[in-house]
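Below is one structure, written out as structure tokens; the observations come after it.
So that the names make sense, note that chain A is the first sequence line, chain B the second, and so on, each numbered from 1. Please read these numbers as outputs of a predicted model, since none were measured by experiment.
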Amino acid sequence: TFNLSFRYANNAIKTSKYNIFTFLPLNLFEQFKRLANAYFLFLLILELIPQISSLSWITTGFALIVVLSITGVKDAIDDINRHKCDRQVNNRKVDVLMDGQLKNEKWMNVQVGDIVKLGNNEFEASERNSVQKETNLKVKQALTVTGELGDNIEALAAFNGEVRCEPPNNRLDKFKGTLTVNGERYALDNDKVLLRGCTLRNTEWCFGLVIFGGPDSKLIQNSGKSMFKRTSIDHLTNILVLCIFGFLASMCSILTIGNAIWERNEGSVFTMFLPREPGIDAPLASFLIFWSYVIVLNALIPSSLYVSVEFIRLGNSFFIDWDRKMYYPKNDTPAQARTTTLNEELGQIKYIFSDKTGTLTQNIMTFNKCSINGKAYGEQVDFSWNNLADPKYNFHDHSLVEMVRSGNPETQEFFRLLSLCHTVMPEEKKEGELSYQAQSPDEGALVTAARNFGFVFRSRTPETITVVEMGRQVIYELLAILDFNNMRKRMSVIVRSPEGKLTLYCKGADTVIFERLHPSCNKLMEVTTDHLNEYAGDGLRTLVLAYKDLNENYMIDWKQRHHEASVAMEGREEKLDELYEEIEKDMMLLGATAVEDKLQDGVPQTIEQLAKADIKIWVLTGDKQETAENIGYSCNMLREEMKDVFVVSANTAEGVKEDPHPQGARPPLWEPLHYGVLTDDLTPIPSSLHHQAFALEKNLRLELLRTACMCQTVICCRVTPLQKAQVVQLVKKYKQAVTLAIGDGANDVSMIKAAHIGVGISGQEGMQAVLSSDYSFAQFRYLQRLLLVHGRWSYIRMCKFLGYFFYKNFTFTLVQFWYAFFCGFSAQTVYDEWFITFYNMVYTALPVLGMCLFDQDVNDRWSLQHPELYAPGQKNQYFNKKAFVSYLIHGCYCSLIIFFIPWASMNDAVRNDGKDIVSHPSFAFLLQTCLLAVVHTQLCVDTYYWTAVNHFFVLLSTIGYFAISVTMYSNGMFYVFTSSFPLIGAARNTLNQPIVWLTIFLTFLLCILPVVAIRFIFIQLRPTINDKVRYKMRTEELPGPAPRHLLRRRSTRSGYAFSHSQGYGDLVTSRKFLMKRSTKRAPLFTQTDSSIFQNQPQHYRTIAEEAEESQSHKL
Amino acid sequence: MFRVSVLQTTDVIPSKEKSRCGRVGGVSRSEKMVKQESESANRPDNTAFTQQRLPAWQPILSAGIVIPGFVLIGLAFIGIGVALLVTSRSIQVLELDYTGDGNGSPCSSCSQSTTVNCKCSLNFTLDTLFQGPVFFYYGLSNYFQNYRRYGASKDDNQLYGDLSYFTSPSSSCSPYDYDGSKNPIVPCGSIANSMFNDTFTLTRTVSGKTDSVPLDGKGIAWWTDYNVKYRNPSVTPLKNAFNGTVKPIDWAKPAYELDTSDASNNGFVNQDFLVWMRRAALPNFRKLYRRIDASGDYQNGLPAGNYTIDITYNYPVRVFNGAKKVVFSNVSWMGGKNEFLGIAYLVIGSLCVVMSVVMLIVYAKFKFPDEE
């Protein structure tokens, strides 16, 4: 009841926007906020004014109703789904402690301040202070004081405390608060709260106190604020629509002036047949004509454009979702287009920013090498690459095993550290069956290594860690965990051994640890540094381990200060950082570990393909420079022939500025720069919040960009998540190029959000990247399919659609413009009103949709075979202002033909029974038929890929037109709706005349033949890459998949072992080498694009498979 | 095009796939299949549609199609053009302007006076037989029947014979919906009000004797107009239906007196009225006035001789710089005389042939793609 007085948000959530009563008004309001819809409403109002109305309101009303109802239905379905979701969520059951006993309650009835019980694998209903145990990947621990309560219901019911905490916010990684129990204050941080949306693991149950409910919870606070990305084509279209508005206004002005002149010269003397309307003099009449023409020419503003664009994008998104070649069977993950509005942008990517770990690499870590006390181990490791599929690597250096078993103290301390200093959670369901849940795969690998070497991390409680050391169980008292974060780049634990010895164990990045070592370690540090360089050179991820013995008194004091700092409400983190800094110094170096992160399948090929498509790939990684550089070599980004490797590396702003200057001094050499490794190697200053790479500082940004853009390959190392986003924004802002960021981890989220298109790899590191991404799939290599196939197709389709759409509306509208000169500028429509109504919505809707959903200039395999097909998209060649003007001119030409050929042939024409034919309805019908014949044939010329659906749509529309026309002009319709269908008989009295058919035939051939001729001549004179490939596709069989995997790691050392001097880059890129191999025998590995291949780890081809394999090349 | 037919190893294809593609060898792996069924629940369907490999026809603009295509189209056009031109040349047309602009012209006096039913006559001579059937048209130029407000100024319901619209005509007829004393006008609107009211009679002078040429005014309007679109109210006598209404302001007699001799040609279904109400699409137009009745001397058309058209001149066109004419014409299968279509077909056909030669030269010279 106390809590009720504050009116905390209750736990019912509402993500839906409407209910039954508010749906119509709210949804309509939302829709009319769109400019296009508002414009149509405006038109509708104009049409209701009789003096202006040149068209019946039905025309616009119909279009508007169709558009509104399509969008409305979509919104309604979305909202119904949200309602269902809400209801499902709100009605979940949870046990709530009430009046001393547990009661089963619905989620929505949970109140702030309630104590709830959760079972294993149950969802979190609301955010709460965890009272018991811990959860899944993130370790959550209850305060000792509440943990002691256990599952004692009575004790819990009697529990009385007060929580003070920060107001609701959306930061998932931060929480500040205190719990006051019996006058004692306890700190509550992120480790103590469970967030809504989590799942409980590793524990049977937990009790918790509800802190935030429903809308206040962090999950809800985070959702809904999605960034709205728009494509460059969207922007262009908006600009073009504005241009069209201008164009429309000028046309209407011309016609208004025409009308004024006509009224003066002709209209004034024609009044005996057509008196002016009372109260309207000539100038006012002309002014009204302006608006009448706005109505008549409204088709210039494409009404159904936005709806159709959305529809096409949706279709193309579905094709991405459905693509089996982007489905990863190992973890059953299909590709997912999470945003359905960005498809065509995928065909225009110029820069790719890629994370390394988990994106280029598998993020499956194996403990590979180590250096203990200046001695390197792991050299003779026998890694048979057949074992790739086996996730449990064994470390095969016997000497190390012997060292451990012989009781070497440093070696034992080394592994003890590995078994103690981490945040891994053990899970031991059965005796001996131990499994670890680690926050990062690195940690898991290290702890597993220690376990194999006889230091088995067995279990942990908030205050103890149980380790089985060489068969002997030892329980360490855990005094503090100084956890890892991006700034600290290290973590430590402070433990007390059973003997009472206090030790701080620390592991972290080399630079960070080396700064904090005791001076006596200098010599060892040098040796270790050598080893580290060697490891990094092999592309391994390194960590340095150190320890420090602590003094009991100092520890008590520190512990006290630590407690104070951790309950501080303000500046808690800064205070803690200071404390950590204080204790983590003068440490003794133990050694270093090297963990291997294997490259994903097909990464080198993908990068090579993307490079061929002229996409620049920048790798942004937090790794060391050497590691990054070697990754670059092993994944084909850097090749042997790239000589001018240069490294920008400096510690100060001045230094960064100085560094690239050698090139500046010899300007001619800018050109041959092939690649640069950019590293912003900084010493992070923990206290500085504005920790920023100097190179990203304002005055150096352009310099950086200029240098980087001249390179073929750019690798940025040691960048923080924030810097990743900054780099992306830099390129986005100054290069005006379309960027794509791809990553898998939480540290890539900012970059993914910053780029035009964010791609998430749904892999090992959780879902954060995927959740903030626009597209997601499981393997980096699918990127080439996403871009080179789907992106390219989407782009081509969208461009074709826009081009055709503008063309068809220009043609349609300009015919009216020409007619104005023959009807006294009176805003008389040349077409039947029903035709205007149906033109966009019915007659021409389906064929263009068919084309834009199915068209492909060349199929997927040829697209991949010729990555250079991608280039036109990057240069935005298919739809730009120039193309738009050409569509305008084309439309103009066609409208001239469509109007003036029938005009000339119908002048003074009569039917073959002598009766009149040039009546308005029949002339209108003739022009309509010509127009549809022309635009449909134009579509046929534009369509490259004629599926049955396309045939059907074109036929259906053509037949439909005649069927609808004949029906509308039939007697029956006139009998029923006399005044709505006054054009009775136009169809049958026109279509039975040969002269009409001859005119139609002439008109449409005059419109189409020049297009065909010009295209043909252009193909001969200046074939585009598409023409070439299409021609080639006709004449040649698709060559078998190129033998690509010759780069297979034969080295027994490491996947990254292609060092600078002894790589195979030259061999790979020289065609001779590849061809010679392939003629001798089938390649060892075919491309892994086939879905079947994906299921398998690469393994050597057996003889039995050879026959089948050779088949595959004939495809 | 693209098929997955590399079926390498045994245990990777889930049963879902098997049932669909049916090409998987029968290796026993039922256990694994069951397992993988659930594991690959998200695997997209393998259909030609979802995988975007629907069978398709992919035409390209190759020389083998385009160049012969142009030649064929060109030749066909030339053929059609010749046929059209020949047909069109065989059609006889006689146009006589009677606006009365010049002082010497026959109707100049009528055109300047405002006399009702002013008479004037036009003479013309035929040297040879004017092949029948011959159609007699009147033509107006610079007359904007296609003006929007003009075109809208009628009431379809009224013209359909709906009596309720007799008393309250549609407002679209304004200002010809009510007369000065608020009586409804029937038929209302500008189109009806401005009905063409010149009349013609044609006489032939054969050896000093004048012989009136029989003119047939039946069936000159569209069948649909006469039978469907326009209808007299079912009131007999027709006059009663018009009680309480007034005739259009510029009309000499009310609608029910348009043709008192023939009930089926009276009122709204009067053929002349129907022809006028079918408004022209362009400002210069002609409308069918009469057919030359193919009987007696006129069995085969108008025989050679001297003819006189007696005109009752009422319709003012000079105020708006218009012109009036009478036209005699016969028709062919393609309708009236139409030089344009024939010439256009000939020109376009020739251009196609020329174009095909140009393309052939371009193709022979540059011949894509010879170099990569």
Pick from [options] with the largest number of heavy-atom pairs that fall under 4.5 Å of chain B:
| options | value |
| --- | --- |
| A:Asn950, A:Val910, A:Val949 | A:Val910 |
| A:Thr999, A:Asn971, A:Asn265 | A:Asn971 |
| A:Lys915, A:Glu266, A:His951, A:Arg911 | A:Lys915 |
| A:Ile1017, A:Asp908, A:Val1012 | A:Asp908 |
| A:Phe318, A:Phe822, A:Phe923 | A:Phe822 |
| A:Val996, A:Asp913, A:Thr1035, A:Thr333 | A:Asp913 |

Check whether [X] gets within reach of chain A through its side chain, its backbone, both or neither, counting any heavy atom under 4.5 Å.
| X | result |
| --- | --- |
| B:Asn330 | neither |
| B:Leu351 | neither |
| B:Ile67 | side chain |
| B:Ala221 | backbone |

Engaged part of [X] at the chain B interface, taking heavy atoms whose separation is under 4.5 Å:
| X | value |
| --- | --- |
| A:Asn259 | side chain |
| A:Leu927 | neither |
| A:Gln336 | neither |
| A:Leu853 | backbone |
| A:Ser53 | backbone |

How many angstroms lie between [atom1] in [X] and [atom2] in [Y], if you round to the nearest 0.5 Å?
| X | Y | atom1 | atom2 | value |
| --- | --- | --- | --- | --- |
| B:Tyr315 | A:Phe273 | OH | CZ | 4.0 Å |
| B:Gln145 | A:Gln828 | CD | CD | 11.5 Å |
| A:Phe1016 | B:Ser62 | CZ | OG | 7.5 Å |
| A:Leu274 | B:Ser153 | CG | OG | 7.5 Å |
| A:Tyr975 | B:Arg231 | OH | CZ | 5.0 Å |
| A:Arg324 | B:Gln51 | CZ | CD | 6.5 Å |

Show the nearest heavy-atom pair for residues [X] and [Y], with the distance to one decimal.
| X | Y | value |
| --- | --- | --- |
| A:Gly824 | B:Phe144 | N-CE2, 3.5 Å |
| A:Asp321 | B:Pro44 | O-CG, 3.7 Å |
| B:Ala344 | A:Leu1002 | CB-CD2, 3.8 Å |
| A:Val269 | B:Val319 | CB-O, 3.1 Å |
| B:Leu341 | A:Ile995 | CD1-CG1, 3.5 Å |
| A:Trp946 | B:Pro59 | CD1-CD, 3.6 Å |

* Evaluate whether atom OH of B:Tyr165 has more than 12 neighbouring non-hydrogen atoms of other residues, nucleotides or ligands under 6.0 angstrom away. => no

Under a 4.5 Å cut-off applied to non-hydrogen side-chain atoms, are [X] and [Y] in contact?
| X | Y | result |
| --- | --- | --- |
| A:Thr271 | B:Phe320 | no |
| A:Cys823 | B:Tyr150 | no |
| A:Gln1020 | B:Lys365 | no |
| A:Pro1010 | B:Met355 | no |
| B:Thr50 | A:Phe319 | no |
| A:Val918 | B:Arg286 | no |
| B:Asn146 | A:Tyr819 | yes |
| B:Ile348 | A:Leu1005 | no |

* For side-chain contact (heavy atoms from CB on, under 4.5 Å), just list the numbers for B:Gln58 and A:Gln856, CA-CA rounded to whole Å, side-chain angles, deciding distance to a tenth of an Å, and then say yes or no. => CA-CA 9 Å; B:Gln58 291 169 271; A:Gln856 28 186 289; 5.6 Å; no

* Any chance you could lay out the side-chain contact (heavy atoms from CB on, under 4.5 Å) test for A:Trp262 and B:Tyr147, step after step, and finish with the verdict? => CA-CA 11 Å; A:Trp262 188 89; B:Tyr147 199 86; 3.3 Å; yes

With ring centroids as reference points, do [X] and [Y] lie under 6.0 angstrom apart?
| X | Y | answer |
| --- | --- | --- |
| A:Trp322 | B:Phe49 | yes |
| A:Phe270 | B:Tyr143 | yes |
| B:Tyr160 | A:Phe974 | yes |
| A:Trp903 | B:Phe340 | no |

* Going by atom types only, do B:Arg148 and A:Ser826 share a side-chain donor-acceptor pair under 3.5 Å? -> no

* Asked: Looking just at side-chain N and O atoms, do A:Asp860 and B:Gln52 make a donor-acceptor pair shorter than 3.5 Å?
  ->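 Side chains of A:Asp860 and B:Gln52: no pair found under 3.5 Å.
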
I'd like to know which of [options] tops the heavy-atom pair count under 4.5 Å against chain A.
| options | answer |
| --- | --- |
| B:Arg291, B:Lys337, B:Arg278, B:Lys229 | B:Lys229 |
| B:Val228, B:Leu61, B:Ile220 | B:Val228 |
| B:Trp57, B:Tyr137, B:Phe77, B:Phe135 | B:Trp57 |
| B:Ala152, B:Ser172, B:Cys352, B:Ala63 | B:Ala63 |
| B:Ser171, B:Pro316, B:Gly139, B:Gly151 | B:Pro316 |

Side-chain donor or acceptor of [X] paired with backbone N/O of [Y] under 3.5 Å:
| X | Y | value |
| --- | --- | --- |
| A:Asn912 | B:Trp333 | yes |
| B:Tyr176 | A:Pro275 | no |
| A:Tyr945 | B:Pro55 | no |

* What residues form a side chain to side chain contact (heavy atoms under 4.5 Å, CB included) with A:Asp857, not counting sequence neighbours? -> A:Arg792, A:Trp793, A:Ile796, A:Tyr944, A:Asn1026, A:Arg1030

* Show your working on side-chain contact (heavy atoms from CB on, under 4.5 Å) between A:Ser919 and B:Phe285 and close with a plain yes or no. => CA-CA 9 Å; A:Ser919 68; B:Phe285 57 88; over 6 Å; no

